[in-house]
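Worksheet for the structure shown next.
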There are 2 protein chains.
Amino acid sequence: MAPLTSGKTRPIRLADIAKAAGVSHGTASNVFARPEIVREEVRERVKAAAEAMGYGGPDPKGRLLRAGKVNAIGVATAEPLSYFFDDPFARVMMASISQACDATGAGISLVSAANKEQLAWNIQSALVDGFIVFCVDGGSKLVELARDRKLPFVALDLDSDDDEAVAAIGVDNIAGAGLAARHLTELGHRRFAVLALPCADAGFGPTTREQMEKALYSGTRDRLRGYFAELSRVDIDVSHVPIYETVNDEESVWAGLDHIFAGAETPTAILAMSDRIALHALDWLRQRDITVPGDVSIVGFDGVPEGAVSKPPLTTIVQPIAEMGRLAVKAILENDGSPTSRQLLPVELLVRASSGPSPA
Amino acid sequence: MAPLTSGKTRPIRLADIAKAAGVSHGTASNVFARPEIVREEVRERVKAAAEAMGYGGPDPKGRLLRAGKVNAIGVATAEPLSYFFDDPFARVMMASISQACDATGAGISLVSAANKEQLAWNIQSALVDGFIVFCVDGGSKLVELARDRKLPFVALDLDSDDDEAVAAIGVDNIAGAGLAARHLTELGHRRFAVLALPCADAGFGPTTREQMEKALYSGTRDRLRGYFAELSRVDIDVSHVPIYETVNDEESVWAGLDHIFAGAETPTAILAMSDRIALHALDWLRQRDITVPGDVSIVGFDGVPEGAVSKPPLTTIVQPIAEMGRLAVKAILENDGSPTSRQLLPVELLVRASSGPSPA
DNA sequence: GCCAAAATTTGAACCGATCCAACGAAAGTG
DNA sequence: CACTTTCGTTGGATCGGTTCAAATTTTGGC
């Protein structure tokens, strides 16, 4: 039997419906976009034709071109896509971004990729009205790509001394780190160790202050500066404070602690550059029956919800994550060509149970 | 001073660049899409013109229309957008969906909305190649909307007796619930209570088996059937088992437990239709110094990671969430007009510490 | 029954690119 | 030198809609 229709049926277009219903395509368009201006009889006829031909409604691809606005904002990161759902900080941030989007009816497109070239292409071809860029890692490159799209965009947590011409929302990392360090020195601690975030794409391992000063990611650099400025202020010799660069995961944090606690003079206070690091550290310490805050105190950074239910609950520097998300969305959606700006939000010290007086 | 340029500058188009560089728009297009076929001198000239005019590269809106494929899949739910980042089940599912997308280079668009009309519009105008629909709540309506787009789509956890013609990936809720109930009866429990998922948009409160049989969402209905079939099998009078319908949040779960434990004959075993419910229940019980599993045992449903670290770790029915996500993405991306199908995946009982012998 | 006003409908223009058949020029061949 | 290739470029067609000024039909008033 010969097939009655060709195997590949071209999708039905609005024009097909119009022809079938015997109206112009202009009228057919109106039936879907502004039904009230079409005479009822015609409207029904067109709708019937659409139904009969299995037409799925006007294709947004077509509308988009004319309308110009996509009504969606892109959220980009150099991490794999699952970062948005795995990482505690990202999740809280995304939840607040999505609330702000919901409120205005905008959609969210997640933009990321397994490798760099793919990422570039994905950013170049993302159908969005603007970008929110997560700068945790590989920030500068990402910002560059986003800027090249010439769309409104705002960087979250961008390195503070990067190009001043990009809109960015971040927190005062130096002040926050200072708060954390001061809290511990006030509790009498003198022997510190720092568990750092990545400062480049280089992997993990012990590092030095000098290395960190060259860090590609200045969020990391600024936090270290904040820590050390405060420690120096109370005459602690920061050149002897071990710094271990992690990649924010369990493996590298545990390796860092192995390293730090292998030394003769173990710290009584740990400064962790993220709550995630601090939480992994808590697990490590518990496994070795090192009590917190009895033997060692630890202070995180971020203020993610998990810190409230950890054992013990985590003392940390809380970032106004929800506020940052809200501001970011606002910046994109209300972008009226206003001058790009850089907002530094304040952070707060939240004292919970992971920090206490120095045992010494 | 009169402005030198009009306030509103039309965005630069590829055609503008072509004109400026003195080439045809076809050649200009090639410079960006297939640079290797353009003579170097021309290529540089066009690129220079683009740079000079601040052109951000070919607008994907235009390309899209011609190319047809968006290279993104939409994930839709009737919950607010933040559901994707708040709900443990959704998060695990999204993580696996995003891994599958990453692997193929596809993007993800989150589709949702505050209200129903907005949701309909968002689905109709989403720029995606297909939909994965989360059917937790308001599933049928969502499936209908998605189907009307005439795009490939697959429903996750769709009500089992809904339209057979839609592709769906789900688990065997009846068998899973049976497993949970049997586990508890084998431990000697005879006095049960059920903490149910929503069965309609009706809010929360105590309900009956008859009400549940009419449930709009048959995931809920099937789990109840599974529980009761197993309980009946060992001669437990299910008409006396209290059922409390929650909305999967702390408030409604706690209200449910208040209600259930207000009765004279309190249960020794709780069947929770989701891990989230079970986790909230654990909190409630701990606050009242009711020990688990000493005084009461509880079994959840889903197998989210949080269940592994709760106090005590949660016995639950684990769904192959990662596998479901992978299959869903595959179904969308490989959609070749193959017959829509319905896949029921198996579940497993995972015994942890929240269930133990009946105290009686 | 005639005319202006109101209500509908039409069809061309446009949105911003990609694709491709056709063409011109330069290079190679006999 | 005529003749085929090869390479690069051109410009029109197309993707699937929306929009709007102009044309047409209806309605209403007298």
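Please read all numbers here as calculations on a predicted model, not as lab measurements. Proteins come first, then strands; the chains are lettered A, B, ... in the order of their sequence lines, and each starts at number 1.
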Residue pairs passing the salt bridge (Lys or Arg N to Asp or Glu O under 4.0 Å) test where at least one lies in residues 90-100 of chain B, sequence neighbours excluded: B:R91-B:E306
Side chain proximity check, A:F134 to A:L142, heavy atoms < 4.5 angstrom: no
Dump every N/O contact between nucleotides 22-27 of chain C and the protein below 3.5 Å, one line per pair.
none

Pairwise side-chain contact, B:L327 with B:M324, heavy-atom cut-off 4.5 Å (strictly under): no
Going by the rule ring-ring contact (aromatic ring centres under 6.0 Å, His included), which residues pair with B:Y55 if we only count those two or more places apart in sequence or in a different chain? B:F32
Tell me the interatomic distance from A:E41, atom CD, to C:dT8, atom P, rounded to whole angstroms. 12 Å
Over how many whole Å does the gap from A:F32 atom CZ to C:dT9 atom P extend? 15 Å
Examine C:dC19: is either OP1 or OP2 under 4.0 Å from a nitrogen or oxygen in the side chain of B:R34? Give yes or no. yes
Is there any protein nitrogen or oxygen under 3.5 Å from a nitrogen or oxygen in nucleotides 5-7 of chain C, and what are the pairs?
none

Send over the distance from B:K69 NZ to D:dC15 C1', rounded to a whole Å. 15 Å
A:I37 has an atom CD1; how far is it from atom P of D:dT26, in whole Å? 17 Å
Could you write nucleotides 10-17 of chain C as a row of B, S and -, 5' to 3', where a protein heavy atom under 4.0 Å of any base atom gives B, of only sugar-phosphate atoms gives S, and otherwise -? BBB-BBBB
Less than 4.0 Å between a side-chain N and a carboxylate O, is that true for A:R326 and A:E323? yes
Could you tell me, to 10°, how much the axis swings from one end of the helix from C:dG1-D:dC30 to C:dG30-D:dC1 to the other, five pairs per end? 40°
A:F131 meets the ring-ring contact (aromatic ring centres under 6.0 Å, His included) criterion, sequence neighbours left out, with none
Could you work out, with salt bridge (charged side-chain N to carboxylate O under 4.0 Å, His left out) as the rule, every residue matching B:D86, not counting sequence neighbours? none
At a heavy-atom distance below 4.0 Å, what parts of residues 104-111 of chain B sit against DNA chain D? none
For the residue pair B:F85 and A:F85, does the interplanar ring angle fall in the parallel (under 30°), tilted (30 to 60°) or perpendicular (over 60°) class? parallel
Within the 4.5 Å heavy-atom criterion, are A:N122 and A:V111 side-chain neighbours or not? yes
Per the salt bridge (Lys or Arg N to Asp or Glu O under 4.0 Å) rule, what does the pair list look like for residues 53-72 of chain A, sequence neighbours excluded? A:D59-A:K61
Closest nucleotide of DNA chain D for A:A33 versus for A:R39: which of these residues is on the 5' side? A:A33
When you look at CD of B:E36, are more than 12 heavy atoms from neighbouring residues, nucleotides or ligands closer to it than 6.0 Å? yes
For residues 100-129 of chain A, which residue pairs pass the ring pair (Phe, Tyr, Trp, His ring centres under 6.0 Å) check, not counting sequence neighbours? none
From the list A:R39, A:E44, A:R43, side chain to side chain contact (heavy atoms under 4.5 Å, CB included) with A:E41 holds only for A:R39
Side chain to side chain contact (heavy atoms under 4.5 Å, CB included) with B:C101: of B:N71, B:I73, B:V75, only one passes, and it is B:I73
Contact between B:S29 and B:L14 at the side-chain level, heavy atoms closer than 4.5 Å - yes or no? yes
Output every pair passing salt bridge (Lys or Arg N to Asp or Glu O under 4.0 Å) with a member in residues 47-57 of chain B, not counting sequence neighbours, ordered by first then second residue. none
